[in-house]
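What follows is one structure encoded as structure tokens, with my remarks underneath.
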Protein chains: 2
Amino acid sequence: MSDRRTQILDAAATLISERGFTSTSVDDVIKGAKLSGKSHFYHYFKSKEELGYEVLNRQFERFAERGLAILREPMIDPLERLNLFIDAVVALQSESGGRRGSPFGNLAAELADAHEGFRVRIEAVFERWASQIRSLLWEARPQLHDDVDAVRLSRFIIAALEGAVLMTRVKRDLSVLEGIAADLKRFIAMHIRDGAVMQHSRNLE
Amino acid sequence: MSDRRTQILDAAATLISERGFTSTSVDDVIKGAKLSGKSHFYHYFKSKEELGYEVLNRQFERFAERGLAILREPMIDPLERLNLFIDAVVALQSESGGRRGSPFGNLAAELADAHEGFRVRIEAVFERWASQIRSLLWEARPQLHDDVDAVRLSRFIIAALEGAVLMTRVKRDLSVLEGIAADLKRFIAMHIRDGAVMQHSRNLE
DNA sequence: TGCGCATTGGACCACTTGGTCCTATCATAT
DNA sequence: ATATGATAGGACCAAGTGGTCCAATGCGCA
């Protein structure tokens, strides 16, 4: 992929995460990516919409590198991985100083009702995310109560994190996210079978 | 307050909850409220911004009627009230068929970073909401573990509900919200002191 | 040398945005 | 009778929107 293209995508990603999709104009993106003019932009993207879709994809891939990779890590106890994943979400949010949360949550709230194309794509993002957590829970099932509903629990985790990121943004206070993350871990721990021990943390002791 | 004013506010509230604040134009509101023209609108509101603020206030008051009133209900066991409150949020969402969630969550995601005026007002809404839950938890403290942190727990409840509403909107599936609501109740129940019983449900048996 | 893509730069398009201003009509309360 | 506020309707504004088109340059690759 050409250099310019990614440059445009990066600039757009920043702007969209700051101001939302509708409030980010093509001219803003052009300024942000230091292009010479409209023709230059439309040389790479056929419309603003297409730009948005590609930004969404890229953002997901980036997030996948950091967040989902942790969920898949084969050498660590699955439930331990889940905690690390939650920590990663907190860390990601910290980087922007508590502002601009998960780019998916933002776009979801902005466009879920208004723009079907985006809604479907965001749904797919959440689904891949959820399925990764589900398979992790499946892997951890020896340590979990028999009645744990992986579908429901995975949704709960995502919802709690998205909600936490949103509140953190509104309150401009990272400790909100930290507190919720800690509670979420406790909620997950609630599903652990009595007497079950994390396999890896035991080895480490 | 004049009839027209509330008519405009109602139309605006609907439009904003459907398409967001930035994507709702003054002309849209004028059409929605069946006004004769711009001058008619600006006869009642000095700017679109002011309109937005008043819509936010109204929406909060309306929500307060339904949701917060339940939290205050003096004749019901506090923890039972909390469950009823969660049910009310689910019911509210059901009315719009799983679409357009909490108007605060929507506006929060859209404007928290971009528009300080809205951010502050939304923060105030969440705070009043949280404080109502906090005082409920305080009331319920005889039934709760000593180490329950009311501030954190109240935030967790709000975050989980906001996140749940968001996911429900994205997935266009009300059962998502219902599942998360059920899990949230279980999480709250986790904080109940061993042997404690809900005062009122006992009376009813 | 020439082909094709990348880049530059700007004119231009129809349309929408929030907002102002002006005039005129109508009812109601003083 | 008169002032006040609601209603109506339209002209107008500067600025911004996404998007098109064109002409002229680079620039490397065959």
Side-chain angles (χ1 to χ4, degrees), chain A residues 1-58 106-107 110-111 113-119 121, chain B residues 1-58 106-107 110-111 113-119 121:
Chain A
M1 200 180 309
S2 89
D3 222 19
R4 281 284 186 192
R5 242 187 113 81
T6 64
Q7 194 181 338
I8 296 172
L9 286 167
D10 286 343
T14 304
L15 289 167
I16 291 172
S17 77
E18 279 171 7
R19 348 203 299 201
F21 180 72
T22 24
S23 295
T24 299
S25 73
V26 176
D27 282 327
D28 290 338
V29 175
I30 288 168
K31 266 174 223 150
K34 279 158 189 164
L35 302 181
S36 55
K38 281 233 173 102
S39 49
H40 200 178
F41 172 85
Y42 282 100
H43 179 65
Y44 288 99
F45 298 92
K46 65 179 243 269
S47 70
K48 190 196 175 189
E49 206 181 18
E50 200 208 72
L51 203 228
Y53 292 158
E54 289 203 35
V55 167
L56 194 59
N57 282 338
R58 250 177 86 78
N106 285 355
L107 284 179
E110 186 186 351
L111 301 168
D113 295 326
H115 197 300
E116 184 67 9
F118 275 102
R119 205 216 98 227
R121 283 168 175 80
Chain B
M1 200 179 314
S2 93
D3 223 19
R4 281 284 186 191
R5 240 185 114 82
T6 64
Q7 195 181 336
I8 296 172
L9 286 166
D10 285 344
T14 304
L15 288 166
I16 290 172
S17 77
E18 278 171 7
R19 354 215 273 215
F21 180 73
T22 24
S23 295
T24 299
S25 73
V26 175
D27 283 327
D28 290 337
V29 175
I30 287 168
K31 267 174 222 150
K34 280 157 190 164
L35 301 181
S36 57
K38 282 235 172 99
S39 49
H40 201 177
F41 173 86
Y42 281 100
H43 180 65
Y44 289 99
F45 298 91
K46 66 179 242 269
S47 69
K48 189 196 176 190
E49 207 181 17
E50 200 209 71
L51 202 231
Y53 292 159
E54 288 203 35
V55 167
L56 194 59
N57 283 338
R58 251 178 86 79
N106 285 356
L107 286 180
E110 187 188 350
L111 302 168
D113 295 327
H115 196 300
E116 184 66 9
F118 275 102
R119 205 216 97 227
R121 283 167 174 81

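In the text below, chain A, chain B and the rest are named by the order of the sequence lines, each starting its count at 1. These numbers were taken from a predicted model, which means no experiment stands behind them.
With sequence neighbours excluded, the residues satisfying side-chain contact (heavy atoms from CB on, under 4.5 Å) with Tyr53(A) are Glu49(A), His115(A), Phe118(A), Arg121(A).
From Glu110(B), atom CD reaches atom CG of Asn106(A) across 10.5 Å, with rounding to the nearest 0.5 Å. Taking CG of Leu9(B) as the start and CG of Leu56(B) as the end, the distance is 11.5 Å to the nearest 0.5 Å. One distance of note links OG1 of Thr22(A) with CZ of Arg19(B); it measures 12.0 Å at 0.5 Å rounding.
At whole-Å resolution of the value, CD1 in Ile30(A) and C1' in dG18(D) are 10 Å apart. Between Lys48(A) atom NZ and dT20(D) atom P the separation is 15 Å, expressed in whole Å. A straight line from CD of Glu49(A) to C1' of dT17(D) spans 15 Å, rounded to a whole angstrom. Note: NZ (Lys34(B)) to P (dA8(D)) measures 12 Å, nearest angstrom. Rounding to whole angstrom units, NE2 of residue His43(A) and C1' of dG26(D) are separated by 13 Å. Going from atom NZ of Lys46(A) over to atom C1' of dT20(D) covers 15 Å, rounded to whole Å. Atom CG in Leu51(A) sits about 14 Å away from atom P in dT17(D), given to the nearest Å. Distance Tyr42(A) OH to dT20(D) P: 7 Å, rounded to the nearest Å.
In this structure, Lys48(B) fails the cation-pi test against Phe41(B), since its NZ or CZ atom is not both closer than 6.0 Å to the six-membered ring centre and inside 45 degrees of the ring normal. Cation-pi geometry between Arg5(A) and Phe45(A) is met: under 6.0 angstrom from the ring centre, within 45 degrees of the axis.
In this structure, Lys38(A) does not reach the dG19(D) phosphate: none of its side-chain N or O atoms is under 4.0 Å from OP1 or OP2. Taking 4.0 angstrom as the limit, Tyr44(B) places a side-chain polar atom (N or O) nearer than this to OP1 or OP2 of dT7(D).
Bracketed by its first and final contacts, the part of DNA chain C lying under 4.0 Å from non-hydrogen atoms of chain B reaches from dT17(C) to dC22(C) in 5' to 3' order.
Across all strands shown, Ser39(A) has heavy atoms under 4.0 Å from base atoms, whether or not it also approaches the sugar-phosphate.
Side-chain contact check for Arg119(B) versus Asp113(B): every heavy-atom pair is 4.5 Å or farther apart.
Each of dG9(D), dG5(D), dG19(D) was ranked by its minimum atom distance to the side chain of Ser36(B); first place goes to dG9(D).
Near DNA chain D, meaning a heavy atom under 4.0 Å from it, residues 20-28 of chain B has no residue at all.
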Next item on the list: Kindly indicate, with the supporting measurements, whether the criterion side chain to side chain contact (heavy atoms under 4.5 Å, CB included) is fulfilled by Arg58(A) and Thr6(A).
Entry: CA-CA 9 Å; Arg58(A) 250 177 86 78; Thr6(A) 64; 4.2 Å; yes
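Using a distance-only test at 3.5 Å, with no hydrogens or angles considered, a donor-acceptor pair links the side chain of Asp28(B) to the main chain of Ser25(B).
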